[in-house]
Amino acid sequence: MKVYTVDAVKQAEKEIMESGISEEMLIDRASSHIAQFLKDEDDIAFLCGGGNNGSDGLACALKLKDKKITVFYGGNPNPINAKLLEKVKQIHETHPLYKYNGEGKVVVDCLLGTGLNRPLSGDFAQAVRIANYTKATKIAIDVPSGIDDVGTSLGDTFIANVTLAMGAVKTSDVLNDALDYAGKIICCDIGLCPKNPATVVTKSDIALEKRKRNSHKGSYGKVKVIGGSAKFVGAPLFASASCCMSGAGLVSMIVPRSQRIVYSQSAFDGMTLDFLPDTDGNFVFDEKEAERVMQNTDVIVIGMGMGESEATAKYVEYFISNFAGKIVIDADGLNVLSKNLSVLKSLRDSQIILTPHVGEFRRLCPTYTGRIEEVKAFANKYSVAVAVKSATTIMSDGEEIFINVTGTPAMSKGGSGDVLSGVVGAFFARSAPIQALKNACYYFGLAGEIAEQNEGNQLSLTPMDIISALSVAYSE
């Protein structure tokens, strides 16, 4: 599924109108799609605002002349809406928005479209609250009212069963909070040709290689996972285990030397153990040891549980500047990197993936507002591939943008991100950066969904449950 920024859709609307298609014609096209969708429904309540979103609802009400329709209108109508409303009053029951009290077996939200920058208030907020409490089927037009242009719920927000996206699916339909409110998303073609799409990852966008019979562990990548401390023991374990489960040929977990006994008892089947010098369970930088780690490996995954120490910073910077292979940087590795991003511009054939959650990405990119094009610009500037992890994960290599929507709130547990780092490392050993991210994020989310089904609730999921479910996800 292709999705577009709100700005890209607005530009497409401007271009089509400059070509001779009037705003009234676009409204007619949009309202025809809504009417077609509602053709088998009756007793419909339209909640209409004064802007373009309201225009679509009012024009649709005019097309449904033989149905029981009630229109509730609020805000200051634009000139087109004022004319449409007068026509609607001649054939349907109409009321000011404040009189809405849950009418309709179907409720159509035409209050506000894109461009919202503050919470709903007054009659609009009241109408949305009432609609959400009814048992009616709820249809949102373009974007559920209450959602801003980056998919954030700003307060009271219409909870739709279906969202009819006019002209294109917007990023505000799928990012952040949006998926909790949009329901099923249906794109309605009204002739727009927006540019620069992002792609929501589906199974057709991912690829699991078929292994040849004549192969060995070296054929599928050697990955070294560097992380952990006396305080954060589990982080490298989760990453290494998920890396093993995701097809890497050889996984070596590299942890503080003083923690040898702890990790020797916890190591996952199929991985080897290696150690770096430390003091009281915290890494100490040693250039000779760093040089040794770089030998005989394809991918280094670094940062999980290491702490924001000087040693962490030195290891991250050393590998970026000296390692000829591929690097995945996560967690504390990202936090220390944010203080010296110039190291990413060092001369090398960049094969680096960053996997920050939103908070970590804001440290890397303090101006980040949640827009997908900002992730693309960052990736392009620093010649890296980035996955900004959230309810919907935004991925870019500086050229393309992909969005992953698999997953579940049950995965909101410490350690889940470490699991993803290991999956990314395994796929990165065998594919290009953006393909590795698409595969890893899709299957990681799918494994979380499977693990939740196995548990039967959203409370009990652990990182190891996700790791255990990876094999089923890959089988599907």
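Counted by atom type alone, Glu15 and Gln11 present one or more donor-acceptor pairs between their side chains at under 3.5 Å. Between the side chains of Ser172 and Asp149, no donor N or O sits under 3.5 Å from an acceptor N or O. The closest side-chain donor-acceptor pair between Lys170 and Thr5, if any, does not fall under 3.5 angstrom. For the 3.5 Å distance criterion, the side chains of Glu374 and Thr369 qualify, holding a donor opposite an acceptor. Thr462 and Asp465 share a donor-acceptor pair across their side chains, judged by distance under 3.5 Å alone. Ser421 and Asp330 share a donor-acceptor pair across their side chains, judged by distance under 3.5 Å alone. Residues Asn161 and Thr137 bring no donor and acceptor atom of their side chains to less than 3.5 Å of each other. A donor and an acceptor atom, one from each side chain of Gln435 and Asn439, are located under 3.5 Å apart.
Between Phe427 and Tyr474, the ring planes lie perpendicular to each other; the angle is over 60°, past the 30° to 60° tilted range. Ring planes of Tyr315 and Phe319: parallel class, angle under 30° (limits at 30 and 60°).
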- What do the steps show when you test Val107 against Asp109 for side chain to side chain contact (heavy atoms under 4.5 Å, CB included), and what is the final call? CA-CA 6 Å; Val107 179; Asp109 166 26; 5.9 Å; no
- Message: side chain to side chain contact (heavy atoms under 4.5 Å, CB included), that's the test. Do Leu420 and Ser242 meet it? Break it down for me.
- Response: CA-CA 7 Å; Leu420 177 60; Ser242 64; over 6 Å; no
- Criterion side chain to side chain contact (heavy atoms under 4.5 Å, CB included) on Ile394 and Thr171, from CA distance to verdict: CA-CA 11 Å; Ile394 304 168; Thr171 51; over 6 Å; no
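Residues Val358 and Val388 meet the side-chain proximity criterion, which asks for heavy atoms closer than 4.5 Å. Gln458 has its side chain within reach of Thr408: a pair of non-hydrogen atoms, C-beta onward, lies under 4.5 Å apart. At a threshold of 4.5 Å between non-hydrogen side-chain atoms, the residues Thr199 and Glu400 do not count as touching. Using a 4.5 Å cut-off on side-chain heavy atoms (C-beta onward), Leu164 and His33 make no contact. A 4.5 Å side-chain heavy-atom check between Pro356 and Val386 finds at least one atom pair inside the cut-off.
Taking a 6.0 Å sphere around NZ of Lys89, one finds it holds more than 12 heavy atoms contributed by other residues, nucleotides or ligands.
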Under 3.5 Å, which donor-acceptor pairs do the side chains of residues 38-50 form with other protein atoms, sequence neighbours left out?
residue : atom : partner : partner atom : Å
Asp42   : OD1  : Lys68   : N            : 2.7

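Among all heavy-atom pairs drawn from Lys438 and Asp205, the shortest one is NZ-O, 3.5 Å. Scanning both residues, Phe428 and Ile352, for their nearest heavy atoms gives CZ-N, 4.3 Å. Closest approach of Pro433 and Ile353 over heavy atoms only: O-CD1, 3.7 Å.
For the atom pair CD1 (Ile159) and OG (Ser145), the distance works out to 12.5 Å, reported to the nearest 0.5 Å.
Two rings, from Phe378 and Phe361, have their centers less than 6.0 Å apart.
With sequence neighbours left out, Ser475 forms a side-chain contact (heavy atoms from CB on, under 4.5 Å) with no residue at all.
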